[in-house]
Amino acid sequence: MKLVLGAVLLFLIVGGGLVFAVRGGFIGGGAMDESSAVAEETTQNVLYTDTDTIHKDITLDLSALSPEAKSLNLNGMNREAVKQAIHDAYSWNLVVKNANPSIDSFKMPDLSVYDQVKETEPSSASGESDNDGSVQTVAVDNPYASVTIRPEATSFAIPDLIGEQVETLVEQIFTDYEAKIAEESASASADSETSGEAEKSTDASEAESETENMTSAALSYTLELQDMSAQISDYMKQLAIVWKMSPKNGDITSYDKESGEFVFGGSVAGYAVNAEATAQKVMASIEQHVYDASIECEGEKISASDSSIKDLYGTIGSFTTKTTSNATRNKNVKLAAAAINGTVLQPGEEFSFNKTVGQRTEAKGYGAAGAYNNGEVVQEIGGGVCQVSSTLYNAVFRSGLTTTYRRSHTFAPTYVTPGADATVSYPGPDYQFINNSDHAIGIRAWYEDQTCTVQIYGVRVLPKGESWELVCEKTTDLPVPAPKIITPEEGSESAGSAGSEWQAYKVIHKADGTTEKVKDHTAHYSGHTPKQYAPGTTESTAESSIAESGESTAESGSTTESTVAENGPKPSTDETKSTTETKPAPTPETSPAETAKKPEAPTPETGSSHEVIEAPGAAEGPDSDDIIQDGP
């Protein structure tokens with residue numbers, strides 16, 4: 001019995017020693033436990049701090065892309081890796097083809113003009129722009145206001161609509177993951193504070209913790225594609241607007257410089273896209289998980305008229321102004337007129353003087369002539385070109401077309417009635433108008449024998465028997481600005497001039513003989529600042545004062561002449577008669593490279609008007625010419 005008790009006691013002593021040795025590290029196990037604890041702590045630190053990469057088993061079901069798509073395990077992936085893995089599971093290249101049978105005759109609208117602000121104003125660094133005048137703008141209906149897509153003429157690549165949904169899903173996955181990690185990190189921190197109690201946890205609590213970890217590892221997501229029919233329908237509606245092709249009923253298409261005539265094209269059928277039917281074809285492809293199909297749009301042909309439209313074309317607006325005897329200025333006018341001559345605008349197309357003429361440079365043949373710069377008459381390359389834009393504006397007005405941007409000069413012009421001018425400078429201000437008619441129009445413009453003429457060639461815009469006239473009336477005389485004190489070295493004294501304000505009217509002459517007078521716009525013109533020597537200055541100014549006075553008188557008489565020539569009878573004095581005599585419109589030059597062949601004068605049928613506004617001071621010679629130069 002004693003022997004048995006001794007053996008049991010010995011066993012307990014030896015067993016207890018072994019347990020103590022294992023737990024205490026006597027047999028080398030302590031080092032292993034310490035290494036494992038460090039590794040576990042390192043893993044937890046990475047898990048809780050690197051939330052840009054997933055460190056858990058999270059699955060993503062991609063069967064919505066196609067039945068064959070496999071699920072993804074996101075463990076070890078960052079955002080970009082997850083996105084790329086999803087994109088690799090499908091190929092998006094849905095393209096809609098333009099099925100227009102007359103595609104070779106289709107001209108895409110220039111949508112780029114709606115992607116940028118119009119350059120009608122001068123840059124802030126420009127000091128040579130005549131940019132203080134009154135601005136007139138007219139907003140016209142923009143048929144492409146709702147268009148955000150930018151297709152080609154023959155095809156449209158539909159944006160990746162799945163990719164847009166992938167971005168949202170991936171962000172949601174990582175947001176959820178970051179929240180889960182933050183929750184576990186907070187829990188681990190709380191556990192570390194009660195580590196003593198944690199060591200005494202029972203096997204049941206360990207099993208519970210293990211179950212929670214397994215649940216965390218079992219997180220999963222499913223890619224669910226949202227309904228894309230609304231987006232596809234919107235894209236196809238936009239496409240129908242952009243790809244719409246109106247039938248061409250033999251309108252003018254180009255200008256032949258050799259003959260000086262506009263060229264008429266043949267009849268071409270139009271085309272209209274059926275947006276609803278095309279959207280259905282695209283959605284059918286998406287629902288079949290075919291994301292790289294080439295789909296022809298559905299549409300119908302619009303028949304063109306077989307009757308000739310050539311007989312309907314004629315001069316629908318015309319205007320002529322008188323230039324001066326300054327050879328350089330007249331050359332500038334001639335070059336600018338030649339630059340716009342032969343321009344063809346399709347329905348809805350907008351004309352820009354600066355885009356058409358371009359920058360006026362010596363390389364193009366333009367010379368230095370009088371222009372305004374900060375209220376002073378200076379020599380500027382291209383001086384006098386504003387007379388061409390002003391003449392064009394008056395022709396456009398009389399044709400019934402819509403001017404969309406016009407700015408008056410800083411100082412009252414003399415070659416047209418104040419209020420009827422349109423100043424230009426490069427790159428701004430600009431002069432712009434839109435072809436709001438149903439047919440293509442052409443511009444004829446030429447200079448000859450000190451006259452500038454512009455005509456609009458097209459199909460009548462105004463009702464039959466109706467014509468428009470632009471009448472401008474002075475409403476206010478503004479005071480002469482305060483004088484500027486100068487020294488003899490800075491120039492001669494001048495008397496200055498008063499400013500003025502004008503009201504422009506659209507006078508509508510109707511077929512029944514009645515007339516309607518409607519306010520159109522107003523114009524403000526500054527006065528010239530007087531220049532005076534300081535008191536006590538002994539420099540003689542008699543000669544310069546006389547010259548300035550003579551020039552001012554010439555300009556004042558010139559303005560009167562312009563107003564009378566356009567708005568009413570001439571005064572009866574002999575002096576006025578000699579200056580307001582209107583010369584008949586000369587025959588334009590026939591040089592094919594620079595001018596248009598002169599058309600026949602418009603008949604009453606066209607309803608257009610052809611006026612000659614003589615630039616005053618033309619007979620006085622080059623010296624007085626410097627006074628009347630407005631704009632570049």
Side-chain angles (χ1 to χ4, degrees), residues 136 138 140 311-322 345 351 389-404 406 408 413 415-422 431 433-439 441-445 451-475 502-523 559-571 580-585 598-614:
Q136 178 190 10
V138 176
V140 296
D311 294 339
L312 299 179
Y313 267 83
T315 301
I316 61 174
S318 180
F319 201 75
T320 296
T321 56
K322 190 74 170 67
L345 292 179
F351 172 88
S389 57
S390 296
T391 307
L392 172 62
Y393 163 58
N394 280 269
V396 167
F397 183 92
R398 284 155 176 77
S399 69
L401 299 175
T402 301
T403 289
T404 52
R406 181 196 67 85
S408 62
Y415 46 78
V416 292
T417 309
D421 57 322
Y431 170 65
F433 75 92
I434 193 168
N435 176 13
N436 53 297
S437 74
D438 296 329
H439 301 275
I441 64 164
I443 300 175
R444 282 186 169 123
T451 61
C452 176
T453 299
V454 178
Q455 296 179 338
I456 305 300
Y457 185 68
V459 177
R460 163 182 285 279
V461 177
L462 302 178
K464 187 175 182 180
E466 182 176 305
S467 63
W468 288 359
E469 181 184 2
L470 181 61
V471 174
C472 304
E473 299 174 359
K474 185 191 291 186
T475 58
W502 295 70
Q503 175 65 57
Y505 295 91
K506 178 195 295 181
V507 178
I508 305 172
H509 301 283
K510 299 184 178 180
D512 60 4
T514 60
T515 299
E516 183 181 2
K517 189 176 183 180
V518 182
K519 286 185 177 180
D520 191 75
H521 64 271
T522 59
T559 304
T560 301
E561 175 205 352
S562 293
T563 306
V564 170
E566 182 161 354
N567 297 335
K570 305 180 179 70
T580 61
E581 191 173 294
T582 303
K583 298 181 181 180
K598 179 182 177 183
E600 296 181 2
T603 64
E605 252 44 31
T606 66
S608 62
S609 60
H610 183 92
E611 302 188 28
V612 178
I613 301 299
E614 187 171 323

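Only heavy atoms go into these numbers, but all of them, side chains included; no hydrogens, no water, no symmetry mates. In this text the structure is predicted, and so the values were computed from the model without any measurement.
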key: Residue list, side-chain contact (heavy atoms from CB on, under 4.5 Å) with Thr522, at least two apart or on another chain   = Gln503
query = Which residues pass the side-chain contact (heavy atoms from CB on, under 4.5 Å) test with Ser399, sequence neighbours left out?
reply = Ile316, Leu401, Ile456
ask   = Once you round to the nearest 0.5 Å, how far does CD1 of Ile434 lie from OG1 of Thr404?
value = 6.5 Å
message = Among residues at least two apart in sequence or on other chains, which ones pass ring pair (Phe, Tyr, Trp, His ring centres under 6.0 Å) with Tyr313?
response = Phe264, Tyr457
message = Tell me the closest heavy-atom pair linking Gly400 and Leu462, and the distance in Å.
response = CA-CD2, 3.7 Å
query = Roughly how far, to the nearest 0.5 Å, is the NZ atom of Lys322 from the SG atom of Cys452?
reply = 11.5 Å
task = Identify, with sequence neighbours excluded, every residue that meets side-chain contact (heavy atoms from CB on, under 4.5 Å) alongside Lys510.
result = Glu466, Ile508, Asp512, Thr514, Glu516
task = Report yes if the side chains of Cys472 and Tyr505 come closer than 4.5 Å at any heavy-atom pair, otherwise no.
result = no
ask   = Which residues pass the side-chain hydrogen bond (donor to acceptor under 3.5 Å, both in side chains) test with Lys517, sequence neighbours left out?
value = Glu473
query = Which atoms form the tightest heavy-atom contact between Gly419 and Ala504, and what is the distance?
reply = O-CB, 4.3 Å
query = Any donor-acceptor pair under 3.5 Å linking the side chain of Asp421 with the backbone of Thr417?
reply = no
request  = Measure from the side-chain N and O atoms of Thr315 to the backbone N and O of Gly317, and report whether any donor-acceptor pair falls under 3.5 Å.
outcome  = no
query = Is the closest side-chain heavy-atom distance between Arg406 and Phe433 below 4.5 Å?
reply = no
Test applied, side-chain hydrogen bond (donor to acceptor under 3.5 Å, both in side chains); reference residue, Glu469; option that passes from Lys506, His509, Arg398 = His509
task = Could you give me the CA-CA distance, side-chain angles and deciding distance for Thr391 and Thr321, then say whether side-chain hydrogen bond (donor to acceptor under 3.5 Å, both in side chains) is met?
result = CA-CA 7 Å; Thr391 307; Thr321 56; 2.9 Å; yes
remark   = Note: Val471 and Val507 closest approach over all heavy atoms is CG2-CG2, 3.6 Å
request  = Heavy atoms only: give me the nearest Ala422-Tyr393 pair and the separation to one decimal.
outcome  = CB-CB, 4.0 Å
task = Work out which heavy atom in Asn394 is nearest to a heavy atom in Ala420; give both atom names and the distance.
result = ND2-O, 2.9 Å
query = Quick one: side-chain hydrogen bond (donor to acceptor under 3.5 Å, both in side chains) partners of Tyr431, sequence neighbours excluded?
reply = Thr403
inquiry  = Less than 4.5 Å apart, side chain to side chain, heavy atoms only: is that true for Ser390 and Pro413?
reply    = no
task = State, yes or no, whether a side-chain contact exists between Ile443 and Phe351 at a heavy-atom distance under 4.5 Å.
result = yes
query = What is the minimum heavy-atom distance between Val454 and Ala445, and which atoms define it?
reply = CG2-CB, 4.0 Å
query = Taking the side chain as C-beta and beyond, is there a heavy-atom pair between Phe397 and Asp520 under 4.5 Å?
reply = yes
